Amino acid sequence: AMRGPPEVIEAVRRSFEAACASGDQNMLHASAYGFGQGPDAASREVWKMVTRAVPHEQGRKFALIHHVAPGELPLQDRHPERERQPVRSSLVAPPAGVGATPLLAELGALEPMFGSAPIGIAILHGPEHRIMYANAVELDLWGRTADQVLGRTVAQGLPELVEQGLIQALCDPVLQTGEPVVMTEQPMAFNRHGEGRTMGYFNAVHLPIRAETGAVTGLMAIAWEVTEAVLARQRVEELSGQLTARMDLEQHLIGIVSHDLRNPLSVILLSAQVLLARRTSLSPPQAELVERIVRVANRSIQLIKDLLDFTQARMGGRIPLTPGPVQLRTILEPILEQMDVEHPGRISSHIADELAGSWDAGRVGQAVQNLLANAVQYSEKGSPVRLTSGQEGEQAWIAVHNFGDPIAPDLLASIFDPMRRGEPMRNSATRSIGMGLYITQRIALAHGGRVTVTSTNDSGTCFTIWLPVCGPEPEPEAGTPPA
């Protein structure tokens, strides 16, 4: 029932055939034709047509979807009695005297696609960048309504962009060179809805629009906002910088601790030990004072070692080990003798015979000493502390047990966290900074083992170090891929 010039009807037929043959969309330019039994060409309307071929479920048959929308002929072909009207509220006609470009001629058919796009699309015409089209997303990015910008130049509708120098930098070059301009995370401030300027970050592409002669007459702006992503990345970079600064500070503190504190303490300890070697020349009060100096110096040096181990473990590395074949008895007996000197009669032990493994003797001794010191500090004064050892399968174990108030169940899960204690210390003179259990656990983990704890009112508290007899697995060399 279609009426119109034969060439228009033929064009529609070819559009159908092309869509069926290719399966792709076929679009016709604006043409004048009519439906029904109009008496003459004056009854014909101007339409734009898009034909799409959709494969049928059965065979290779196609269903044709022929989209027809009101449109306009190019200026030179329009009936003079017809007044040019915008196809949609988001489109405006070119100003008088401006020749049509292929894109402007097809804009009515493209508008449904542009209007549903999830990114901002705008079309600017001429050297003054007159806003011919803007979809809803672009209007939202600008913070303007269509009435506020369409048909106006950018200087009139978006003066803040001119003030920021963005038009000169991002739009003018497209018209001058005919080359696209791509911007990434471009900062822009818009006076959105008259509520003051809001800074945002945008990705955009400005593409040249050419007339049939090839001359650049405008540009298409495609934009999307990336403010949230940019701000999130900037926050991550800021936090990363702060973390780097903190790690640098920790490294600096390690140097201070290892040199400026440990060395003087070593001198003090050595001097006190020399004085103790000449005990016969000291009065009893003087000897007792020197012995106290030795104990405090030893405790301070151990604290510095703990700080160094703690810092290294916190920075992501394993506590360094030097494992080798060793009898467990040769590790434990010197520690028990030293603890007996400091706490006479409090510590008893039972060490399994012929129990050996590949361990770092100094580190295992450090872990056991931490547990013994912890048991002495958290048990009743004068109450017994017992150390035992044994082997289960391929695992050796060392247990330290004491009686006293049990560790609260809600604290057991975090007992190995740094700066945590099971309960307040009974003696403030023996207070520590709460790293002994943390370092003990890290030593066991470095050996491929673990530390377990049980604590009840009836059976007391028992910490057990488990170590594989075969020793720790060697660390992979740099650049070696994991197995």
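Along the sequence shown, residues are numbered consecutively beginning with 1. Here the structure is a predicted model, which is why all the values come from computation and not from measurement.
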>> Pair E195, R144 - check salt bridge (Lys or Arg N to Asp or Glu O under 4.0 Å), show working.
In response: CA-CA 11 Å; E195 298 177 355; R144 303 295 206 280; over 6 Å; no
>> Checking W224 against F202 for the side-chain contact (heavy atoms from CB on, under 4.5 Å) test, could you report, in this order, the C-alpha distance in whole Å, the side-chain angles of both residues, the deciding distance, and whether it holds?
In response: CA-CA 6 Å; W224 60 99; F202 302 85; over 6 Å; no
>> Between H206 and L219, is the side-chain contact (heavy atoms from CB on, under 4.5 Å) condition met? List the steps.
In response: CA-CA 6 Å; H206 288 177; L219 64 90; 4.1 Å; yes
> Step by step, would you call I331 with V368 a side-chain contact (heavy atoms from CB on, under 4.5 Å)?
Replying inline: CA-CA 9 Å; I331 298 175; V368 172; 5.7 Å; no
>> Please determine whether side-chain contact (heavy atoms from CB on, under 4.5 Å) holds for the pair I119 and I222, giving the CA-CA distance in whole Å, both sets of side-chain angles, and the decisive distance to 0.1 Å.
In response: CA-CA 7 Å; I119 57 178; I222 303 172; 3.2 Å; yes
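Taking CG of D140 as the reference point, atom CZ of R192 lies at 7.0 Å (rounded to 0.5 Å). Here the CH2-CZ distance, from W142 to F190, works out to 8.0 Å after rounding to the nearest 0.5 Å. The line from CD of Q391 to CG of L467 is 11.0 Å long, rounded to the nearest 0.5 Å. The distance from atom CZ of R363 to atom OG1 of T440, rounded to the nearest 0.5 Å, is 11.0 Å. E238 contributes atom CD, which lies 12.5 Å from atom CG of L243 (distance to the nearest 0.5 angstrom). Atoms OG1 and CG, on T244 and L239 in that order, are 10.5 Å from each other to the nearest 0.5 Å.
Checked by atom type and distance alone, the side chain of S414 never pairs as donor or acceptor with a backbone atom of D417 at under 3.5 Å. When atom types are taken as modelled, the side chain of N191 and the backbone of G196 share a donor-acceptor pair closer than 3.5 angstrom. Without hydrogens or angle criteria, S455 side chain to I407 main chain gives a donor-acceptor distance under 3.5 Å. No side-chain donor-acceptor contact under 3.5 Å links R130 to the backbone of G126. Panel note: side chain Q395, backbone E392; no donor-acceptor pair is recorded below 3.5 Å. For N135 (side chain) and G115 (main-chain N/O), no donor-acceptor pair under 3.5 Å exists by modelled atom type. One N or O on the side chain of H447 and one on the backbone of D360 form a donor-acceptor pair closer than 3.5 Å. Side-chain atoms of Q441 never come within 3.5 Å of backbone atoms of Y438 as a donor-acceptor pair (strictly under, hydrogens ignored).
T217 approaches A211 most closely through the heavy-atom pair CG2-CB, 3.9 Å. When every heavy atom of E138 is checked against every heavy atom of A122, the shortest pair comes out as CG-CB, 3.8 Å. The minimum heavy-atom distance linking L437 with F416 is given by the pair O-CD2, 3.5 Å. Nearest approach of T227 to G200, heavy atoms of both residues: OG1-CA, 3.3 Å. When all heavy atoms of A223 and L141 are compared, the closest pair comes out as O-CD1, 4.0 Å. Between A134 and L150, the shortest heavy-atom contact is N-CD2, 3.9 Å.
Within the 4.5 Å cutoff, the side chain of C470 has no heavy atoms near those of the S358 side chain. In this structure, W466 and T452 have side chains that are in contact, with non-hydrogen atoms separated by less than 4.5 Å. Using a 4.5 Å cut-off on side-chain heavy atoms (C-beta onward), T464 and V451 make no contact. The side-chain heavy atoms of I209 and M220, taken from C-beta on, include a pair separated by under 4.5 Å.
Partners of Y201 under the ring pair (Phe, Tyr, Trp, His ring centres under 6.0 Å) rule, at least two apart in sequence or in another chain, do not exist in this structure. Remark: V182 pairs with V205 by the side-chain contact (heavy atoms from CB on, under 4.5 Å) rule, at least two apart or across chains. The side chain to side chain donor-acceptor pair (under 3.5 Å) test applied to W397 returns no partner, not counting sequence neighbours. In this structure, the side-chain contact (heavy atoms from CB on, under 4.5 Å) partners of T454, at least two apart in sequence or on a different chain, are C462.
Applying the side chain to side chain donor-acceptor pair (under 3.5 Å) test to residues at least two apart or on different chains, the pairs with a partner in residues 177-186 are E185-R233.
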Without placing hydrogens or testing angles, list every side-chain donor-acceptor pair under 3.5 Å for residues 161-176, not counting sequence neighbours.
{"unit_1": "E163", "atom_1": "OE1", "unit_2": "R197", "atom_2": "NH2", "d": "2.1"}
{"unit_1": "Q164", "atom_1": "OE1", "unit_2": "A189", "atom_2": "N", "d": "3.0"}
{"unit_1": "Q164", "atom_1": "NE2", "unit_2": "E160", "atom_2": "O", "d": "3.0"}
{"unit_1": "Q164", "atom_1": "NE2", "unit_2": "A189", "atom_2": "O", "d": "2.7"}
{"unit_1": "D172", "atom_1": "OD1", "unit_2": "H129", "atom_2": "NE2", "d": "2.6"}

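Surrounding CD of E228 are at most 12 heavy atoms belonging to other residues, nucleotides or ligands under 6.0 Å away.
The side chain to side chain contact (heavy atoms under 4.5 Å, CB included) test with V364 is passed by exactly one of I465, I398, L321: I398.
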